[in-house]
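Just so you know, ligand 1 is whichever comes first in the structure, and atom 1 is the first atom listed for that ligand.
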Amino acid sequence: MHVGVIGAGQLGRMLALAGIPLGMRFTFLDPAEAPCAAVAGTHFRADFDNADALAALAASCDVVTFEFENVPAKAIADAGITLRPGPAALAAAQERAAEKTLFEEIGIPVAPWRAVDSQPALDAAVAELGLPLIAKTRRLGYDGKGQRRIRTAEDAADLFAELGNVPLLVERLVDFDAELSVVGCRAADGEVVVYPLARNRHEDGILVRSETATFNTALQRQAVRHLRALAEALDYVGTLAIEFFVCGDVLLGNEFAPRVHNTGHWSIDSGGVSQFENHLRAVCGLPLGRGDLDRPAGMINLIGEVPPAADLLAGRDTFVHDYDKPPRPGRKVGHVTVTAADHVTLARRLDNLENQLKLA
Ligand code: AMP
């Protein structure tokens, strides 16, 4: 199989690293000069909406997928490309109001929200929902970008202009116990596999740490139900992730990603079939592999620069993933997976690694 991937960042790179053992070949479309996935396949250097490049991708690949959700869906459809996952998933993931509406339709609880298209509408939403709130641009937001918290009436004044006079979604700020996510994969025949719920920590909008944890099984069951409902509603093919806030014993849906996800990276090293390989199996029509893990696993993102591998690898059951990207503050340049025989040992090893990274 020859797989086309729109985007050639670390997710594309890890897709290729998972697919090459299955005899797959990869072609990436990405405007960057030397994106980090390019070493793992052919690189078409062009804008994502370049009609000639999209036509060439369609002509050379058996199937086309993507590594980020803000791909230009219309240009891709105009090029005659049948994407996997398909346009319904992109439409819902690219627009936060559509996403929240879908969550509500399929029974995923969400924080109270309003779509607002002007400063007066924002003022009305503040009055209706009460403070504190969070405002988010409805399109093209990621890693906390295009977001502003509204704690006082002054925070809301002029906020519509400050966020660029673009459509916004305003929602209640949730006083959550933790941020969790679930990653799963659906095959074209409807089979679904789901990985264990992960507990995640973000700092400055960027994921720092993700680990499988001992959750009460009721939460895991809710997560599986929500993931299945979403995948079925979208007739989804491939790996997807839903991010939740947990409040007591309820999962509130925050957002979903129609792609492999940072909070599932530990699946590469934890004994089952990784989220990357399952995505490829799904989009290529192969049988899926199980999502349960042999061992509890977690990962810590390397942000800014990658410390010397020898230091990172000194810990037991530690796996380094260096994306070979130029260092830059705030940029995800790699991750380290840690596994352990039990969750207590895992948490200790992850704590040690975090401390080591802070001291480096
Ligand atoms: P998002 O881009 O929607 O994933 O938001 C980025 C991060 O902002 C989330 O991971 C949360 O830490 C925080 N956040 C987003 N929405 C809310 C909310 N309604 N209540 C509390 N924190 C939020």
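- Contact annotation: for E179 versus ligand 1, heavy atoms closer than 4.0 Å belong to the side chain alone.
- Atoms of ligand 1 lying under 4.0 Å from any heavy atom of F176, numbered from 1 in the order shown and given with element: 21 (C), 22 (N).
- Side-chain rings of H2 and F26 stay apart, their centers remaining 6.0 Å or farther from each other.
- Near Q147, meaning under 4.0 Å from one of its heavy atoms, ligand 1 places the atoms 1 (P), 2 (O), 3 (O), 5 (O), 6 (C), 8 (O).
- For the atom pair T217 OG1 and Q220 CD, the distance stands at 8.5 Å (nearest 0.5 Å).
- Listed by number with element, the atoms of ligand 1 under 4.0 angstrom from any heavy atom of H202 are 10 (O).
- Note: R96 CZ to T137 OG1 = 6.5 Å, rounded to the nearest 0.5 Å.
- Residue V174 has at least one heavy-atom neighbour below 4.0 Å for each of these atoms of ligand 1: 18 (C), 19 (N), 20 (N), 21 (C).
- Atom numbering of ligand 1 starts at 1 in the shown order; those under 4.0 Å from a heavy atom of R149 are 8 (O), 13 (C).
- Taking the six-membered ring where the residue is Trp, the centroids of Y323 and H335 are separated by under 6.0 Å.
- If you look at E203 next to ligand 1, there are no close heavy atoms at all, none under 4.0 Å.
- Between the side chains of Q275 and H261, no donor N or O sits under 3.5 Å from an acceptor N or O.
- Each of the atoms 16 (N), 17 (C), 18 (C), 19 (N) of ligand 1 lies under 4.0 Å from some heavy atom of E171.
- With 3.5 Å as the limit, one finds a donor-acceptor pair spanning the side chains of E104 and W113.
- Contact annotation: for R96 versus ligand 1, heavy atoms closer than 4.0 Å belong to the side chain alone.
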Discussion item. The test is salt bridge (Lys or Arg N to Asp or Glu O under 4.0 Å); show your working for E171 and K136 and say whether it passes.
Written reply: CA-CA 8 Å; E171 68 184 26; K136 306 177 179 180; 3.1 Å; yes
